[in-house]
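This report refers to the structure that appears directly beneath it.
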Amino acid sequence: ITVCSSKTYDVIVDEGIINNAGYYVKGITKGDKIAVISDSNVWPIYGNQLLCSLKNTGYDIISYIIPAGELSKNGSHYMEILNFLAENQLTRKDSIIALGGGVVGDLAGFIAATYLRGIPYVQIPTSLLAMVDSSVGGKTAIDLPAGKNLCGAFHQPVLVVCDTDCLTTLPPEIFADGMAEVMGRKFDTIVTNPPIRAGKQVIYKMFADAAVSLKEEGALYLVIRKQQGAPSALKHLQETYKTAGVIDRGGGFWVIRASM
């Protein structure tokens, strides 16, 4: 998916692509050093995969791990990491990678926006909510004692890498939180702007496995595998909603839409 805003960049969505992150990053960064920022939940699961991929493509890696949770998105960690980057002589040509959910992405993005007046950064979101929302758009921030996200900047990433295998390790309540965002605001965008890469099929598979119907702006959506009764589901919906029809038949999945 290509995002066109103040800066044009790609969002790559597929299964198992953390193992190839070095290849994707190498194509869009100039420096030889990368600082990976992650948290205490994500790093033990995916840190080694990312490090191996980056090292195999020739990068010198430094890493900084924050405690997991919103409380880490604060000024103290912000200053500590800035000093950490300076002590390790990160230059304007070098890059930051945010490996984690929204907290890590917001913090790492704000650091990238302000260190040396701005350096490139890559988002590798590991939660569904971060994949569909906070990793794209360039909104970066830290919290202040007076409230959330009160100190920040707009700084677009140079690349977003969404490995949907990360969703398999999410606690159910965290996955549900992200699914609510998709169901409420994002699904029509997925259908009407099909990704260039394999991401759409991965998303369709996720919805089919979850067996959920989606309601958005006066429409009902259902994603179902053709071999698991899609024609029957369509017939049933057409009996209830005369406007029901198939709007996509990609990769063995049917996306059925009905006006409410």
Side-chain angles (χ1 to χ4, degrees), residues 1-14 17-18 20-31 34-38 73 78 81-82 85 90-143 148-164 166-167 177-203 216-217:
I1 307 167
T2 298
V3 176
C4 299
S5 57
S6 57
K7 178 186 295 182
T8 299
Y9 55 95
D10 285 341
V11 180
I12 303 172
V13 185
D14 209 343
I17 54 175
I18 282 183
N20 298 320
Y23 166 78
Y24 295 119
V25 172
K26 196 71 172 178
I28 48 88
T29 59
K30 297 179 180 179
I34 288 181
V36 180
I37 300 173
S38 188
K73 205 173 77 173
Y78 168 71
I81 298 173
L82 286 178
L85 301 183
L90 219 70
T91 72
R92 287 188 177 91
K93 291 183 178 180
D94 297 321
S95 306
I96 290 173
I97 290 180
L99 175 68
V103 168
V104 169
D106 283 0
L107 175 61
F110 187 46
I111 290 166
T114 50
Y115 179 73
L116 294 176
R117 299 187 178 94
I119 65 171
Y121 78 111
V122 174
Q123 289 270 18
I124 304 183
T126 57
S127 70
L128 180 56
L129 186 57
M131 289 180 186
V132 302
D133 187 50
S134 62
S135 65
V136 178
K139 293 184 293 183
T140 74
I142 58 173
D143 301 338
K148 289 185 60 175
N149 299 327
L150 294 182
C151 180
F154 283 96
H155 187 53
Q156 300 289 349
V158 295
L159 177 70
V160 181
V161 178
C162 297
D163 186 339
T164 55
C166 295
L167 302 178
D177 185 37
M179 187 66 80
E181 172 73 13
V182 176
M183 289 171 20
R185 296 168 55 187
K186 308 293 184 184
F187 189 73
D188 189 61
T189 300
I190 294 170
V191 176
T192 57
N193 297 278
I196 296 172
R197 297 180 175 85
K200 185 175 69 170
Q201 296 308 312
V202 175
I203 294 167
E216 180 177 316
E217 296 182 355

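Every value quoted in this text rests on a predicted model; they were computed, and no experiment measured them.
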What is the distance from atom [atom1] of [X] to atom [atom2] of [Y], rounded to the nearest 0.5 Å?
X	Y	atom1	atom2	value
R92	K30	CZ	NZ	13.5 Å
I124	I97	CD1	CD1	4.5 Å
Y24	D14	OH	CG	6.5 Å

Does the [X] side chain pair with the main chain of [Y], one donor and one acceptor, at a distance under 3.5 Å?
X	Y	value
H155	I111	no
T126	C166	no
Q123	V161	no
D94	T91	yes
T29	G31	no
Y115	L90	yes
D163	I17	yes

Minimum-distance pair of heavy atoms, taken over all atoms of [X] and [Y]:
X	Y	value
G102	S134	CA-OG, 3.6 Å
C151	F110	SG-CZ, 3.6 Å
Y9	G137	OH-N, 3.1 Å
A130	S135	O-OG, 2.8 Å
L85	A35	CD2-CB, 3.5 Å

Given side chains that start at C-beta, do those of [X] and [Y] come closer than 4.5 Å, heavy atoms only?
X	Y	value
I34	V122	no
I81	L107	yes
T164	V13	yes
T8	Q156	no
Y78	T114	yes
N149	K139	no

For the residue pair D106 / T140, report whether a side-chain donor-acceptor contact shorter than 3.5 Å exists.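 Not at all, the side chains of T140 and D106 share no donor-acceptor pair under 3.5 Å.
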
In terms of heavy-atom contacts, does NZ of K93 have more than 12 from other residues, nucleotides or ligands at under 6.0 Å?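 Atom NZ in K93 is not packed in, count stays at 12 or less.
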
